[in-house]
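Below is one structure, written out as structure tokens; the observations come after it.
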Amino acid sequence: MSNTAVKTNYPALYTLVTVFFFWGFFGAGNSIFIPFCKAYFHLDQFQSQLIDFAFYTAYYSGALILFILSTVKGKDLVTSYGYKKSIVFGLLFSAIGAGLMIWAVNVNIYTALLVGLFVVALGFSLQQIAANPLVISVGDPKTGTSRVSLGGAVNSLGGTIGPLLMAFALFGSTVALTDDQIQHLSLSSMTLLYAGVGSLFVIAAMLFKFSKKIPAGVQVEPMESAKKAITTLVTMTVLLVMIYIPVFSTYSASSLSRVEALEKEHTTLVDGLGRIEDTENKKEIENSITNIDNQRKEYVESLDNKRIVLLSIALIVIGGAIFYAYRSSKKNKEGWGAMQYPQLLLGMFGIFAYVGVEVSIGSNLGELLKLEEFGSLQSSQITPYISMYWGSLMIGRWAGAVSVFNLSKVRQILAMIIVPFIAYFVVLGANSLAGNDVTPLYYYSICVLLQIVLTYWAKNKSARTLILFSLFGLTAMVIGLFTSGMLAIYAFLVGGLACSVLWPAIFNIAIIGLGKYTAQGSSLLIMMILGGGIIPPIQGKVADIIGIHQSYIVSLLCFAYLLFFGMMAKKVLSRQSIDIDNIN
């Protein structure tokens, strides 16, 4: 066997990671767009979270369609057509989505914005399915995870810049704006932003198409049959659609007409109350106002209860489908394809929970900061905190990308310490240049130090990394739930540090030992990015019922599952004679 090291194709690698930037830019930018849309379009917290729902369900939809078509045709469509061409088409599709966003801004309709974001993310789905394996293939397979980490680091850089540019495009200045002022803003600047982003998509597509450094990535391999897996996934999808239709119907004009009628009657009685001098009549009208308030409250509560029950059922359906696959494939593996492996099934729900908690913390953070005990910030003042949250993912991922470069052991340790702090100062610097006050974030450096200690302790072992950082996130959520002020804000920001290294750890554990089903398993894991579309709206509805602060119990439960998965990983793999901590 040759011991010659495979050289990394760095020009191809540096070109490839540009698409990782786009994913982070859009995903993190949504965290600023959500509170803006809530104020601008008069939405509740659940409705505002539909931005994430549209964005991340597109990943699931795109991956599921490709998975079904590939199975039907008996070959993987992405690999047979080539990773390079697939990325080009994905970028062009996202450019079409950017065009739809321009149209949506001009018609000033919230639903149209959701459609545009969905199309952008459909293109991202194709890009992600192709880019991750292509990044691994441009160098030594043993260091493939490090190159994915480098892509993740660039992704997080986009996540740091995205909120800053989105805030400037929406608010036009660093001056604090009230929600009432936001309602009277123009969306015209968004036209320029999406025109610019759409142009970048087209330029990137041309760069990929004509680059001679990027390999075509064509692999014609037969697609293993997975009819039972497809049946389960399609059934799950149909059930989810059946659940979400009545959820959305509770926001229809007919459902809300009673609320509007009661509010109109309430306003009429209040306006007339000041003109009445007779004490008995005044008391009677006051009783009527109280009665109307109670009717409105009861009706709204009944709608909220219906919504949260349906959303909970959606979670049960997803978990139930995975559990059904686990039990059935245990009895008979035929027809299940990659879903016959318990590590993949546990990892699918792991990716679902991970993406869900990563997105949900950031997307709900803007509303949390409006509370008096969290500073009573306006939507236009939350940018440095949102930027630091997504920057926290960059801090951890930059440390993980260190091993891409051939450094000695001592230099790697030094880089592991220095690089995260460089990323931390990049976030502070970018916000300072944007005119944001970053002094409240100075002591966050202590949290960065904790992240470095845990990274060193994890020693790049997937199971240990998953356990340590899930516990880190779980502890942070507990502290955030039971405190307030800057301590709680820091705790919720730490969720970004905890999430920063979880993707490669979960992905690595989930696909180990899959053999010929590895590509199929990877597609199934990409589908479960769906968590970013399901969990944030659930937390949003929980927030509508029990309050935004208490709603972070949802994030706590996600970290709790990831901790469970980390503890189960070794046990599950050892049954297959796989020692995850000793695999090169």
Side-chain angles (χ1 to χ4, degrees), residues 34-51 53-54 104 107-114 177-187 243-314 364 366-368 370-373 376-379 536-551:
I34 285 168
F36 173 86
C37 286
K38 182 179 181 182
Y40 189 85
F41 291 105
H42 309 281
L43 310 173
D44 67 18
Q45 191 64 8
F46 170 80
Q47 289 172 301
S48 70
Q49 296 298 311
L50 292 179
I51 287 174
F53 176 83
V107 297
N108 208 29
I109 298 174
Y110 183 57
T111 304
L113 287 170
L114 297 180
L177 300 176
T178 65
D179 286 351
D180 182 63
Q181 290 173 315
I182 287 173
Q183 291 167 14
H184 295 90
L185 289 175
S186 170
L187 288 177
I243 290 167
Y244 272 90
I245 286 174
V247 171
F248 294 145
S249 71
T250 63
Y251 287 95
S252 66
S254 58
S255 295
L256 297 178
S257 60
R258 185 179 174 187
V259 177
E260 292 172 357
L262 290 170
E263 287 176 346
K264 187 175 181 180
E265 189 176 351
H266 176 274
T267 302
T268 302
L269 289 174
V270 170
D271 290 343
L273 188 63
R275 296 191 296 269
I276 297 175
E277 297 180 358
D278 184 77
T279 305
E280 288 189 12
N281 286 342
K282 199 167 188 177
K283 190 174 182 180
E284 186 178 334
I285 292 174
E286 286 175 346
N287 289 335
S288 296
I289 291 172
T290 302
N291 184 46
I292 289 170
D293 284 341
N294 289 334
Q295 287 183 51
R296 182 189 177 282
K297 185 178 179 182
E298 288 176 6
Y299 184 68
V300 170
E301 283 182 353
S302 68
L303 286 178
D304 279 340
N305 290 336
K306 179 180 179 181
R307 291 162 185 158
I308 198 64
V309 167
L310 287 168
L311 291 170
S312 299
I313 292 173
N364 286 283
E367 189 65 19
L368 180 78
K370 292 181 181 180
L371 298 180
E372 185 179 349
E373 60 268 34
S376 301
L377 302 181
Q378 299 295 334
S379 295
I538 288 178
Q539 182 170 345
K541 183 43 60 186
V542 172
D544 288 331
I545 296 173
I546 65 174
I548 187 67
H549 188 186
Q550 292 73 22
S551 73

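Predicted, not measured: the structure shown is a model, and the values here were computed from it. Along the sequence shown, residues carry numbers from 1. All values below were derived from every heavy atom in this structure, side-chain atoms included, with hydrogens, water molecules and symmetry-related copies excluded.
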Minimum heavy-atom distance Leu377-Lys370, with the two atoms named: O-CG, 3.3 Å

Value rounded to 0.5 Å, distance of CD1 in Ile548 from CD in Glu367: 5.5 Å

Heavy-atom pair of closest approach, residues Gln550 and Ile546: OE1-O, 3.1 Å

Whether Phe53 and Phe248 hold their rings parallel, tilted or perpendicular, with breakpoints at 30° and 60°: perpendicular

Heavy-atom pair with the smallest gap, counting every atom of Ile538 and Leu311: CD1-O, 3.7 Å

Closest approach of Cys37 to Leu113 (non-hydrogen atoms, all atoms of both residues): SG-CD1, 4.5 Å

Distance, nearest 0.5 Å, that separates NZ of Lys541 from CG of Asn305: 9.5 Å

Heavy-atom pair with the smallest gap, counting every atom of Leu114 and Leu50: CD2-O, 3.5 Å

Beyond-backbone contact of Leu310 with Tyr244, side-chain heavy atoms, under 4.5 angstrom: no

Donor-acceptor contact below 3.5 Å, side chain Asn294 vs main chain Thr290: yes

Backbone N/O of Gln47 and side chain of Tyr110: donor-acceptor pair under 3.5 Å: yes

Worked check of salt bridge (charged side-chain N to carboxylate O under 4.0 Å, His left out) between Asp293 and Arg296: CA-CA 5 Å; Asp293 284 341; Arg296 182 189 177 282; over 6 Å; no

Heavy-atom closest pair, residues Val107 and Ala112: CG2-CB, 4.1 Å

Partners meeting side-chain hydrogen bond (donor to acceptor under 3.5 Å, both in side chains) with Ser551 (sequence neighbours left out): Gln539

